[in-house]
S.K.: 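Take this structure first; my questions come after.
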Amino acid sequence: MRLLGVFFKISFQDDAAYRGEFWMRLAATLYSLAGAFVGIWIFFSHTDRIAGWTVDEVVILLGAFHIVAGVIRTVLGPSFERIVEEVREGTLDFVLTKPASSQFLVSFRRIVSAAAMECLMGAGLVGYGISRLSQQTGLYTAFAFAFALACGLAVLYSFWLFLNTLVFWFVRIDNVTQIFWALFEAGRYPLDIYPGWLRVLVTYIVPVGVVTTFPAQGIAGRLAPASLLWYAAAAALSLYISSRFWRFGVAHYTSASS
Amino acid sequence: MIAGALRAVAGLWRGYKALLHLTWSEMLQYRAAVFIWTLWSLAGPIIHLSVWSSIVAAEGALAGYDRGAIVAYFVVQSVVYHFTGAWQVWDFSYLIRTGRLSARLVKPFDPSHHLVASNVAFKLMNLVWLIPIWTGMYLYFRPELPLGVGSVLTFLLALLLASVLLFLWNQCFAMIAFWTVRASAFYEFADALGYMVGGGIAPVALIPPALQSISRALPYYYGVGFPIEVGIGALDGAAVRAGLWASALWIAALFVIYRLLWRWGLKRFSAVGA
Amino acid sequence: MAGMSREIDIRVRELTKHYKVPVREGGFRASVASLFRRKYRIVEAVKGVSFDIARGEIVGFLGPNGAGKTTTLKMLSGLLHPTSGEAQVLGHVPWKREAGFLRRMTLVMGQKNQLVWDVPAMDTFLVNQAIYGIPEREFRETLAEFTELLGLEGLLQKPVRNLSLGERMKCELVAALLHKPRILFLDEPTLGLDVTMQNRIREFIRVYNQRYGATVLLTSHYMADIAALCRRVIIIHHGRVMFDGELSRLVGSIAPFKVLHVALDRAVSPEDLDGMGEVLALDEGKLALKVPKDRTPEVTSRLLAELPVLDLSVEDPPIEDVIEQVFEQGVEV
């Protein structure tokens with residue numbers, strides 16, 4: 001945890017050195033927010049529910065989408081970005097020989113704090129959506145949202161780690177994260193709108209859609225406690241599997257390269 | 001005179017053949033990345049197809065778009081987006097930054113041919129996997145499309161004009177790289193707007209009037225919405241003709257602007273160096 | 001001199017280039033302000049440079065970093081428009097960039113390459129073949145000739161990114177010369193290469209110059225390149241020509257001293273060498289002495305008379321030292 005703090009501080013100092021960059025990012029974030037609102041405006045000018053979701057619920061879902069996207073762009077994306085290069089050049093050894101968990105290091109070593117703005121924007125959207133919801137937000141629904149979001153992030157993290165562990169076998173996978181982003185786009189809207197095959201794909205195989213849909217359902221009071229438990233179990237299981245897979249990959253790498 | 005012109009055309013043809021070959025062998029090195037990139041371009045159409053399908057299922061036909069028309073619209077959109085894609089705004093600032101533009105300027109061959117050739121090469125090569133994917137989409141979604149010879153030819157003409165139009169539009173933004181390294185930011189800004197109002201996120205008939213009036217001031221409708229509407233047979237003969245003329249006018253205007261910017265930029269480039 | 005009666009390929013008169021450079025100030029407010037009202041300062045990169053280069057000459061273009069070499073080369077190859085002055089290359093004004101001019105010249109700028117990184121060099125060559133309209137047979141013959149001269153067998157089919165720096169530079173040269181240009185502007189063609197590679201490229205330039213009667217203007221940080229290739233050098237400093245003439249004359253007039261290398265039968269002490277000249281090295285019976293030119297005969301005879309000399313040679317000082325001296329002292333020749 002202290003290490004994480006250090007990474008954050010370093011990155012913040014880096015970013016502060018490029019203030020122009022900071023304003024650009026802020027402008028871009030606000031612009032994409034405006035774009036998202038225009039999209040919602042267009043859809044809801046024709047209907048008051050999309051697949052049973054009201055406009056406020058969709059705004060909350062969009063907020064969850066940006067929180068998750070922000071986390072990935074702040075931490076996971078930049079940290080994992082270098083791993084392909086490092087395996088190819090053999091410099092990953094420097095990471096593996098550090099006296100800290102290698103999984104932790106490759107996952108969180110680089111932080112682009114400016115990208116965290118997107119998380120704030122997402123949180124703002126969630127807050128705005130909640131304030132307009134007709135029913136009261138109770139303690140349980142708030143908890144369900146946060147819990148589902150945390151589980152979702154854990155699942156996504158595992159998926160991300162899993163994808164990147166593949167690098168030990170397939171060196172040229174520079175663009176594998178593009179697949180993720182393409183599918184992640186689907187998470188902008190409720191999963192209920194998608195045809196069956198796509199829903200199965202983004203729920204079970206590449207679990208990107210659930211990260212946004214489930215928390216939003218949670219706050220709308222449509223998530224039963226039982227599903228929360230199932231969800232926690234799924235998150236724990238995926239964390240476990242991906243972590244084992246990472247260690248397996250490292251073992252494979254070190255035995256192959258020595 | 002005529003012999004000279006023929007020689008010039010033959011020279012261009014030789015140059016293009018070699019450049020296509022070059023781009024293809026470059027793409028082969030990155031076939032996985034290119035393939036993934038292509039899949040990524042399908043995400044937008046499929047997502048918005050889903051959104052609109054579910055709205056239309058609940059509300060019934062909107063402005064003439066029933067479920068069948070919505071499906072047809074977004075299936076054709078995936079084709080149109082592929083053929084109208086342009087990305088020189090990124091390539092060009094890279095060329096300036098790395099000094100590669102200089103290496104091309106000392107050759108008796110206009111550097112913009114490189115950009116055109118790589119654009120065409122990319123689109124042709126991707127057909128290898130896009131045609132099976134499109135066929136699959138056609139069989140899965142079963143859109144109702146007018147497949148008569150006349151309709152298809154009109155669609156191809158609109159598609160060709162749209163590709164040229166958006167290529168030139170992109171090219172104009174690329175020229176900004178002569179003045180600032182952030183040329184692509186300007187483009188992304190305009191492009192995101194174009195996606196909203198030009199027929200990307202929704203058929204133009206379905207967007208609010210305020211956005212429609214923005215749409216009329218930009219070339220995006222003629223690069224995206226118009227060819228799709230021609231493709232699905234949503235326009236009558238008069239509207240098609242008017243749209244084709246408007247596309248041609250946009251092309252002419254953008255070409256003039258691009259050449260002016262190019263000359264002006266080159267002047268600056270040869271005044272300050274890179 | 002015989003060379004002077006030959007046809008002039010490159011004629012430069014009072015060529016001048018000023019850059020307008022925005023002044024950057026620190027701080028966010030200043031950088032926002034600079035968006036609206038920029039302050040400029042004028043950098044005079046090249047100030048009234050004149051010279052002629054005859055057909056078939058190889059001329060070394062020397063000067064410290066920022067002296068204006070690259071700016072001049074860019075003007076002569078048509079990339080930069082001068083602020084004032086004139087230039088004619090093969091009868092063309094370079095910055096008009098006429099096809100007839102571009103077809104007959106080439107510019108090689110160090111690592112800023114034209115080769116496409118991810119594909120074999122051969123693919124780039126084919127593009128150049130098409131662009132310059134080189135007939136197939138001529139293309140094959142030229143390529144075979146260059147491949148042999150540079151020792152490129154088997155490398156042309158490999159992706160450029162898998163080549164070493166030296167191999168890349170060689171391919172870069174081939175790409176730049178396939179159309180057999182009459183004029184070569186070479187900016188640091190050997191930068192960063194090891195000695196063998198440098199030799200090979202040097203030799204290639206020399207052979208190309210002889211075989212095709214090409215005119216070459218070359219910059220290099222390696223004086224060995226200059227010494228091996230150029231009979232004539234032009235030295236430019238702070239944008240002005242400081243010296244234009246034969247390399248040997250430069251050495252003679254700038255460096256009025258010789259270096260004596262002496263092998264001795266036994267070790268000698270520095271006192272034995274009093275008054276002979278500057279001792280550059282003295283180690284285990286090996287001695288190097290820097291001696292003013294006019295005193296060379298006197299010192300030589302003293303050495304032979306007073307010390308147990310086994311072997312003695314008289315050499316010009318290393319060219320690097322001479323050039324360095326030109327820059328340091330700003331000697332007008």
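To find a chain, count down the sequence lines: A is the first, B the second, and so on, and within it residues start at 1.
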S.K.: Who wins among V51(B), L42(B), V56(B), I46(B) for the most heavy-atom pairs under 4.5 Å with chain A?
M.R.: V51(B)
S.K.: Testing the 3.5 Å rule here: is there a donor-acceptor pair between the side chains of Y221(B) and E229(B)?
M.R.: yes
S.K.: Considering only heavy atoms, which portion of L198(A) lies under 4.5 Å from any heavy atom of chain B: side chain, backbone, both, or neither?
M.R.: side chain
S.K.: Answer with side chain, backbone, both or neither: which region of Y195(B) has an atom nearer than 4.5 Å to a non-hydrogen atom of chain A?
M.R.: neither
S.K.: Testing F65(A), F145(A), Y231(A) for ring pair (Phe, Tyr, Trp, His ring centres under 6.0 Å) with F214(A), which one passes?
M.R.: Y231(A)
S.K.: Give the interface residues of residues 63-74 of chain B toward chain A, defined by a heavy-atom separation under 4.5 Å.
M.R.: none
S.K.: Taking only residues two or more places apart in sequence, or in another chain, which ones meet W179(B) in a ring-ring contact (aromatic ring centres under 6.0 Å, His included)?
M.R.: W264(B)
S.K.: On the six-membered ring of W129(B), is R31(B) placed so that its NZ or CZ lies under 6.0 angstrom from the centre and within 45° of the ring axis?
M.R.: no
S.K.: Does the side chain of Y220(B) pick up a donor-acceptor pair with the side chain of S215(B) at under 3.5 Å?
M.R.: no
S.K.: Going by side-chain contact (heavy atoms from CB on, under 4.5 Å), Y157(A) matches just one of V71(A), L76(A), I72(A). Which one?
M.R.: L76(A)
S.K.: Return the set of residues passing salt bridge (charged side-chain N to carboxylate O under 4.0 Å, His left out) with E188(B) (not counting sequence neighbours), or none when no residue passes.
M.R.: none
S.K.: What I want to check is whether the side chains of W87(B) and N170(B) have a donor and an acceptor closer together than 3.5 Å.
M.R.: no
S.K.: Hey, could you give me the NE2/OG distance between H48(B) and S78(B), rounded to the nearest 0.5 Å?
M.R.: 14.0 Å
S.K.: Nearest 0.5 angstrom please: L163(A) CG to F245(A) CZ, how far?
M.R.: 9.5 Å
S.K.: Heavy atom to heavy atom, less than 4.5 Å: which residues from residues 196-212 of chain B reach chain A?
M.R.: M196(B), I201(B), A202(B), L206(B), I207(B), P208(B), A210(B), L211(B)
S.K.: With no hydrogens and no angle check, just 3.5 Å: does a side-chain donor-acceptor pair link Y128(A) and D56(A)?
M.R.: no
S.K.: Looking at Y31(A), Y189(A), W41(A), Y194(A), which has the largest count of heavy-atom pairs under 4.5 Å with chain B?
M.R.: Y31(A)
S.K.: Given a strict heavy-atom distance threshold of 4.5 Å, which part of Y140(B) is in contact with chain A: side chain, backbone, both, or neither?
M.R.: side chain
S.K.: Under a plain distance cut-off of 3.5 Å, with no hydrogens placed, do T47(A) and E59(B) share a side-chain donor-acceptor pair?
M.R.: yes
S.K.: So which part of A185(B) gets closer than 4.5 Å to some heavy atom of chain A, the side chain, the backbone, both or neither?
M.R.: side chain
